[in-house]
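Take a look at the structure below.
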Amino acid sequence: MSTSPLPGDASNDPTDDQTGRFVVQPNGRVRPLSPHLQVWRWHGTMLASILHRISGGALSVGAVLVVLWLAALALGPDAYATFTAWMGSPLGLLVWFGLSAALIYHFAAGVRHLIWDSGKGLSLKDADALSIGSIVFGVVVTLAFWIVLFSTGRVAL
């Protein structure tokens, strides 16, 4: 474990550091380099945080697809038929599956954050349980949604 150098301690001068533990910032200050994913033990809240960010980015792509769908509606039957042909293809269904998973998980993570904002579930054990629960909820509800779509004939390959 490294310690921060004491002021005036020439033997621990971060500017002479050869280990890569320190970085010079644009303002000239020398700061310790933050540890990254490789040094942390994976846990529920860490995974949930990363998935929440990824799902938010995916939903941005989904918003573009909704705009394209509305544009296809506005451009007439031929444009709409082309859009539905692309989005009804196996690749399109995979995209919709991913977007529905992102939406459902992002919703669950939002509820988890609301619980945390109320001051509940903030202990390590409870935070991990809520995080894993939101991931499991996202997977289970997404699979159930698509099973219903396929079993009712609303979606077919």
Side-chain angles (χ1 to χ4, degrees), residues 1-5 12 14-73 83-152 154-157:
M1 182 168 127
S2 67
T3 59
S4 298
N12 247 347
T15 58
D16 293 336
D17 178 57
Q18 300 297 316
T19 64
R21 294 179 303 155
F22 296 93
V23 64
V24 178
Q25 293 185 330
N27 63 6
R29 292 183 178 160
V30 178
R31 298 279 189 209
L33 185 64
S34 292
H36 201 259
L37 298 177
Q38 295 89 347
V39 299
W40 292 105
R41 180 183 57 85
W42 280 84
H43 51 89
T45 54
M46 181 181 189
L47 178 61
S49 175
I50 292 168
L51 288 175
H52 188 70
R53 292 164 196 259
I54 290 171
S55 67
L59 291 175
S60 298
V61 173
V64 171
L65 286 177
V66 169
V67 169
L68 290 175
W69 172 65
L70 292 173
L73 274 173
F83 180 83
T84 55
W86 277 96
M87 290 294 111
S89 71
L91 181 61
L93 291 177
L94 183 63
V95 168
W96 288 123
F97 177 82
L99 287 174
S100 64
L103 180 65
I104 293 165
Y105 171 71
H106 204 76
F107 171 76
V111 170
R112 174 178 51 102
H113 275 275
L114 284 174
I115 292 169
W116 286 349
D117 289 344
S118 73
K120 307 259 189 283
L122 294 175
S123 72
L124 292 177
K125 183 179 176 185
D126 291 343
D128 268 348
L130 280 171
S131 298
I132 297 301
S134 66
I135 294 168
V136 169
F137 176 86
V139 169
V140 169
V141 171
T142 300
L143 290 175
F145 174 72
W146 280 89
I147 288 170
V148 168
L149 285 179
F150 276 104
S151 66
T152 60
R154 296 196 182 269
V155 174
L157 287 175

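Across all their heavy atoms, L149 and T152 have their closest contact at O-OG1, 3.3 Å. Closest non-hydrogen pair, F97 versus T142, comes out as CE1-CG2, 3.6 Å. Between S131 and A48, the shortest heavy-atom distance links the atoms CB-CB, 3.6 Å. Minimum heavy-atom separation, F150 to V155: CD2-O, 3.3 Å. Taking every heavy atom of both residues into account, A102 and S55 meet most closely at O-CB, 3.7 Å. The nearest pair of heavy atoms linking R41 to M46 is O-SD, 4.0 Å.
In this structure, L130 CG and T45 OG1 are separated by 10.5 Å, a value rounded to the nearest 0.5 Å. Atoms CG and CE, from L65 and M87 in turn, are 5.5 Å apart once rounded to the nearest 0.5 Å. Atom-to-atom distance recorded for L59:CG and I54:CD1 is 12.0 Å, nearest 0.5 angstrom. Taking CH2 of W86 as the start and CG of L91 as the end, the distance is 8.0 Å to the nearest 0.5 Å. Taking CD1 of I135 as the start and OH of Y105 as the end, the distance is 5.0 Å to the nearest 0.5 Å. Taking CH2 of W146 as the start and CG of L93 as the end, the distance is 5.0 Å to the nearest 0.5 Å.
Taking 4.5 Å as the limit, every side-chain heavy atom of L122 sits out of range of all side-chain heavy atoms of D126.
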Test log, rule side chain to side chain contact (heavy atoms under 4.5 Å, CB included), inputs F137 and V111: CA-CA 11 Å; F137 176 86; V111 170; over 6 Å; no

Residues W42, I50; criterion side chain to side chain contact (heavy atoms under 4.5 Å, CB included); working and verdict: CA-CA 11 Å; W42 280 84; I50 292 168; 3.6 Å; yes

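Between H113 and H52, the ring planes are tilted. Angles from 30° to 60° get that label.
In the displayed structure, L124 atom CG is contacted under 6.0 Å by at most 12 heavy atoms of other residues, nucleotides or ligands.
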